[in-house]
Amino acid sequence: MSDEPREERENRYDFRQIEAKWRERWETSGLFRVENQSDRPKFYGLDFFPYPSGAGISVGHCRNYVPLDVACRHKVMQGYNVLHPMGWDAFGQPAENEAIKRGRNPREMVPEYAANYKRQLKLVGISYDWSREINSSLPDYYRWTQWLFLLLYRRGLAYRANAAVNWCPEDKTVLANEEVVNGRCWRCDTLVEKRPMPQWFFKITDYADRLLSGLDTIQWSDGIKQQQREWIGRSEGAEVAFSVIGVFGTDDKIRVFTTRPDTLWGATFLVLAPEHPLVDVVTTPEHATATQEYRERAQRATEIERQSTERVKTGVFTGAYADNPVTGEPIPIWIADYVLMGYGTGAIMAVPAHDQRDFEFARKFDIPVVPVYETEAGQTGATMTEALPAGGVMRAFAPAPGALAGTEFPFAGLPNNKETVGKIIPWLEARGVGQGVVNFRLRDWLISRQRYWGAPIPIVHCPACGEVAVPDDQLPVLLPDVEKYQPTGTGESPLANIPEFVNTTCPQCGGPARRETDTMGGTACSSWYYLRFADPHNNRQAFDPAIAQYWLPVDLYAGGAEHAVSHLMYSRFWTKVMFDAGLITFEEPFLQLRNQGMLLAYTPGREIKRDERADALNDDGEDEGDEPLEDWKVLKPEEKATIPESEWVWRWVKMSKNKGNVVTPDEMAAQYGADSLRLFGLFVAPFEETVQWSDKGIEAMHRYVNRLWRLWTEMRPFYDPEWRPALARLLAQTGAIARDEGDQNPLILGEDERKLRRKLHQTIRKVGDDIENFRFNTAVAALMEFTNEWSAFRNALGGAQPSPSQAALLSEILETLPLLMSPLAPHLADEWRERLGLAGSAFKQAWPVFDPAAVEEDAMTIVVQINGKLRDRLTLPLGTSDAEVEALALASPKMQAELSARQIRKVIVVPGKLVNVVVG
RNA sequence: GCCGAAGUGGCGGAAUGGCAGACGCAGAGGUCUCAAAAACCUCCGGGGGCAACCCCGUGUGGGUUCGACUCCCACCUUCGGCACCA
């Protein structure tokens, strides 16, 4: 490098040599190793474990890992025994898709990628205990994933069922609901289809209520909690039974779920989901063809298509009628795809007067609208233009005929609210018409995948015994090592084509049997990894309960918000199952969750013109939803060569490999150093904020590090290791001597020295508090402020030899700064310590304690306001009484001038802060 | 449509009832230098004034308060999530 000689000459911070040196020393000394026991309190800080991708980490990842590293390093210095591990979410679609794309075997590719990640994470100086590294695709890990699968299985929480599931035609596998984003595959963005297939599910719905109530006990952002609440989607209501006229006996009914049983009197039709099993039963022969056609169309339609026909209701009449149980009126039964089979009972009672969707449907198909609550004056069911979901009081209805003969209608005049609903439900229950129920939107968790790269599901299918769990002592069911692992698309996993794998003997009867060939989705592996870190090398158990008890739950969990309803829900579920099984004693795995913001990069693209968009749609004819209607696209590498730069259109978009805008920590560390990279990522914005990456920013941070380095190095010769007693003596004397004598007397601390020392101790306090509160940007700013003051002090010194009192202060600074910097810029910190001749990494030192006497200001600045507007400032000695402050404020010349002609109504004195004079 | 987060200089942001704009970027001027870079110093929200100073200013409109960027109500905009859930 041509600029190195100059750097040496100018006494620059030689970060290349220094950072490499410390990385190596930390590694060889095992600095970050942590033991499973200690007298100190424990702290468990965890990052979402990543799946290692080929591009390696970007500076975006650093924005996640570095702040948690700072928090963990700070905890260590505060005296905690800190678990801060890292591992690889190696199984699953992301890794397998990458392997397919590269024509590699994931078995070889994944460890390579993981090694690269590890190298990069070490490069930026993250304090992971690498002796605890785990990899979910290794048998000594997935053995326990399988064991936990069986734990769920034995507890009745894992089952195989035939269901219409999400199928990704591109990745050739089924997906969990949580992996379908806007009707598309989370990995490849392909439109997802519904296919009926036998699949494995975890019965997470059994835990819906506990998953909901547990949210109140943890410190997560409101946003994530709310997302989980909505995903669980608890709603209270009633299930009401409707008899189908002429088809059923009195015992067989169509059951519907409603949150508004109070509107039952206005139910003028029923709607079944197209997939509802009773459709075939109720449909009359003359409507059979139309019904069948509609069903098929609905089945072919993707989720997106159902949504794209949004608001335009479709449906067909089945020809059948049911009895409204409270009015005795016959009402028609329709099928329509706005009713979802997956929710409630797959059938609804439609109340057009009080539900907008039902209203639109009723108007389109000319079905009567009967308001249950009073409408606005002059409005009737025939003249209403929209549904009235709220408002009004209940109208009077005649008692129902037949089964309900003789019952009065006691609800007339009740308001349209929850309370009324609460009165209706028991009334319906008493009459055997319905009952109160709670419904959830949460669906069971689909875990099986028709893919190779996952933990095999440890089940054997025996012709004689049926489904049999693989016994614990036969775990792991090893994933066979094969050449061809690509998904087949047949609906079966590639494992089905490997006879040696499939054919086995039944663990129960010993007869010939077939292994389950589906594997578990990657989310199974990530649902318990936080426990494995506590005891990563245990080959007798998933984890030793005592060790897990020591470390868990995770105190601080940091990661992106994109796992809000998947991983973060699944892990909570597994934790609760393990709790119920007596394996652990806590119910929530992650006490505090912090979500870092996205990292955006300024990225060149091109505008997509209207006709071009239309072309794209036509090319792909069959799926109108297939081409996202974007007006801008990232430039592909070849386009960058062909399109002149003047035509590029720049936008801020998420930094990611496939957008070609990734900045790697490798380049940044090489150019500016790991510490500069760390500091910049911390400084640029609050942790949760979305950040726009800029090379300018890291360059500026690099300048700051150099400036601080030079300043520190320049002051280094004045360091006196015995500064503590000297300073203590000075402080003892300073208190007794008048402030003004200052620098004349080398035996006391002068004005400037006390000011600088105050700043130092204020900085100690602020940096600690800010790290604690994840406010790293202001922690760095505080250090910069201190640097500015220290620099001014140096300038005032003007190259002169410092007095003994100044040398004592400088020594305190020289020794404290490495400690303050250690969590943020650990390489720099240890280099400084070495240059002071101090033993031991800053990482292992106690966090400095600020001197409460030193942070006190000498004087207070009182803000003087008139009617809340700033008019004057007074500098007064500490301890001036409120009465004196008020008098002095009113007496100030500026106030006198302002107040002369005005009537003082009131004076507010905020002790130590301000005086506000209220005038008329 | 519903839920959540957020709107402050040219830019990233600070202040979360009490001096708006800390810290940094960009910009302007200066010192050093043959020159440049680096470094260092000064200025840097808008308007007015020779000046001391004065007025305006935190998305918009109301409100609470002695006092509001901060709390409350309504609205607008942006971002993130969900989306026919009966």
Side-chain angles (χ1 to χ4, degrees), chain A residues 3 6-7 9-10 12 181-183 221-227 229-231 233 235 237 256-260 263 267 271 273 303 306-307 309-313 336-340 342-351 354-358 360-361 439-443 561-562 564-565 595 597-598 600 652 680 683-686 688-692 694 696-697 699-701 703-704 706-707 710 775 777-788 791-792 795 861-873 894 905-910 912-919:
Chain A
D3 52 350
R6 195 186 68 205
E7 288 187 8
R9 193 174 65 239
E10 296 182 3
R12 283 203 173 198
V181 181
N182 287 327
S221 73
D222 291 342
I224 300 275
K225 282 190 185 181
Q226 200 51 32
Q227 271 188 58
R229 286 197 190 101
E230 278 170 25
W231 193 261
S235 58
V256 306
F257 173 72
T258 176
T259 54
R260 297 296 306 275
T263 62
V271 187
E303 297 278 317
R306 279 202 184 186
Q307 280 170 30
T309 56
E310 181 179 39
R311 313 246 181 272
V312 183
K313 297 279 179 289
D337 65 5
Y338 82 93
V339 175
L340 310 172
Y343 183 75
T345 60
I348 63 159
M349 66 176 215
V351 184
H354 301 296
D355 182 288
Q356 186 59 25
R357 295 155 302 182
D358 299 344
E360 283 165 22
F361 194 89
N439 236 299
F440 294 95
R441 286 169 82 158
L442 184 68
R443 303 267 70 83
E562 67 273 14
V565 292
N595 301 111
M598 282 190 298
L600 308 181
W652 287 104
F680 170 64
F683 177 68
V684 65
E688 296 83 2
E689 249 7 77
T690 296
V691 161
Q692 302 174 343
S694 116
K696 269 269 169 4
E699 220 173 279
M701 190 54 73
R703 278 206 299 272
Y704 167 70
N706 270 311
R707 190 160 90 90
R710 277 195 312 273
R775 299 166 50 139
N777 55 329
T778 49
V780 177
L783 285 160
M784 288 175 163
E785 276 186 61
F786 175 76
T787 307
N788 290 342
S791 176
N795 293 346
T861 304
I862 301 292
V863 173
V864 183
Q865 300 177 328
I866 293 178
N867 289 348
K869 288 198 171 187
L870 177 72
R871 278 297 174 273
D872 200 1
R873 281 180 203 124
K894 273 188 198 163
R905 287 241 190 108
K906 196 170 167 188
V907 179
I908 286 146
V909 181
V910 180
K913 274 193 176 164
L914 81 124
V915 176
N916 187 19
V917 181
V918 186
V919 298

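Proteins come first, then strands; the chains are lettered A, B, ... in the order of their sequence lines, and each starts at number 1. What you see is a predicted model, and the numbers here were worked out from it, not measured in a lab. Computed from heavy atoms alone, side chains included, the values below leave out hydrogens, waters and symmetry copies.
Looking at heavy atoms from C-beta onward, Arg871(A) lies out of side-chain contact with Val917(A) at the 4.5 angstrom threshold.
Glycosidic conformation of G9(B) is syn; the angle stays within 90° of 0.
Phosphate contact (OP1/OP2 of C19(B), side-chain N/O of Thr861(A), threshold under 4.0 Å): absent. Dashed line: the shortest gap from a side-chain N or O of Lys696(A) to OP1 or OP2 of C25(B) is not under 4.0 Å. At least one side-chain nitrogen or oxygen of Asn795(A) sits closer than 4.0 Å to the OP1 or OP2 atom of C41(B). Distances shown here put a side-chain N or O of Lys869(A) below 4.0 Å from the OP1 or OP2 atom of C56(B). Phosphate proximity of A38(B) to Asn706(A): absent, as no side-chain N or O sits under 4.0 Å from OP1 or OP2.
At a threshold of 4.0 angstrom between heavy atoms, the contacts of Asp358(A) with the nucleic acid are absent. Residue Arg871(A) is in sugar-phosphate contact alone, with no base atom involved, counting any heavy-atom pair closer than 4.0 Å across all strands shown. Within the nucleic acid shown, Arg229(A) has no heavy atom closer than 4.0 Å to any nucleic acid atom. Within 4.0 Å of Asn777(A), counting heavy atoms only, lie sugar-phosphate atoms of the nucleic acid but no base atom. When heavy atoms are screened at a 4.0 angstrom cut-off, Val910(A) is found touching base atoms of the nucleic acid. Across all strands shown, Gln865(A) has heavy atoms under 4.0 Å from base atoms, whether or not it also approaches the sugar-phosphate. Ser235(A) comes within 4.0 angstrom of the backbone, heavy atoms only, and of no base. If you check every strand for non-hydrogen atoms under 4.0 Å, Tyr704(A) touches nothing.
With rounding to the nearest 0.5 angstrom, the CE atom of Met784(A) is 13.0 Å from the OG atom of Ser791(A). Asp358(A) contributes atom CG, which lies 8.5 Å from atom NZ of Lys313(A) (distance to the nearest 0.5 angstrom). Interatomic distance, Asp872(A) CG to Leu914(A) CG, rounded to the nearest 0.5 Å: 12.5 Å.
The partner of C75(B) is G59(B), by the rule that a Watson-Crick or G-U pair needs both atom distances under 3.5 Å. The pairing partner recorded for C69(B) is none, the criterion being a Watson-Crick or G-U wobble arrangement whose two distances lie under 3.5 angstrom. Base pairing annotation: C40(B) forms a Watson-Crick or G-U wobble pair with G30(B), both donor-acceptor distances under 3.5 Å. Nucleotide C2(B) forms a pair with G81(B), judged by Watson-Crick or G-U wobble geometry with both contacts under 3.5 Å.
Nearest-nucleotide mapping onto RNA chain B: of Thr259(A) and Gln226(A), the residue sitting toward the 5' end is Gln226(A). Mapped onto RNA chain B by nearest heavy atom, Gln227(A) and Val780(A) fall at different nucleotides, with Val780(A) at the one closer to the 5' end.
When the P atom is used for both G45(B) and A22(B), the distance is 8 Å, rounded to whole Å.
Candidate nucleotides A22(B), C19(B), C84(B) were compared by shortest atom distance to the side chain of Ala781(A), and A22(B) ranks first. For Met784(A), whose side chain is taken as the heavy atoms from C-beta onward, the closest listed nucleotide among C82(B), C84(B), G24(B) is G24(B). In the set A86(B), C84(B), A14(B), A14(B) carries the atom at the smallest distance from any side-chain atom of Pro686(A). Of all nucleotides listed (A86(B), C19(B), G24(B)), G24(B) comes nearest to the side chain of Ala700(A). Comparing A83(B), G80(B), C3(B) against the side chain of Glu230(A) picks out C3(B) as the nearest. Set against G24(B), A86(B), C41(B), the side chain of Phe257(A) has A86(B) as its closest nucleotide. Comparing G24(B), G18(B), A14(B) by their nearest atom to the side chain of Thr778(A) picks out A14(B). Distances from the side chain of Arg775(A) to the nucleotides A26(B), G18(B), A15(B) place A15(B) closest. In the set C25(B), A5(B), C23(B), C25(B) carries the atom at the smallest distance from any side-chain atom of Arg703(A). Of the candidate nucleotides G18(B), G12(B), A86(B), G18(B) has the atom nearest to the side chain of Ile908(A).
Looking at Asn439(A), its side chain never comes within 3.5 Å of a backbone N or O of Ser235(A) through a donor-acceptor pair.
If you check distances only, the side chain of Lys313(A) does reach the base of C84(B) with a donor-acceptor pair under 3.5 Å.
In the model, Asn867(A) has no side-chain atom that pairs as donor or acceptor with a side-chain atom of Arg905(A) under 3.5 Å.
The CG-C1' distance, from Leu783(A) to A22(B), rounds to 14 Å in whole Å.
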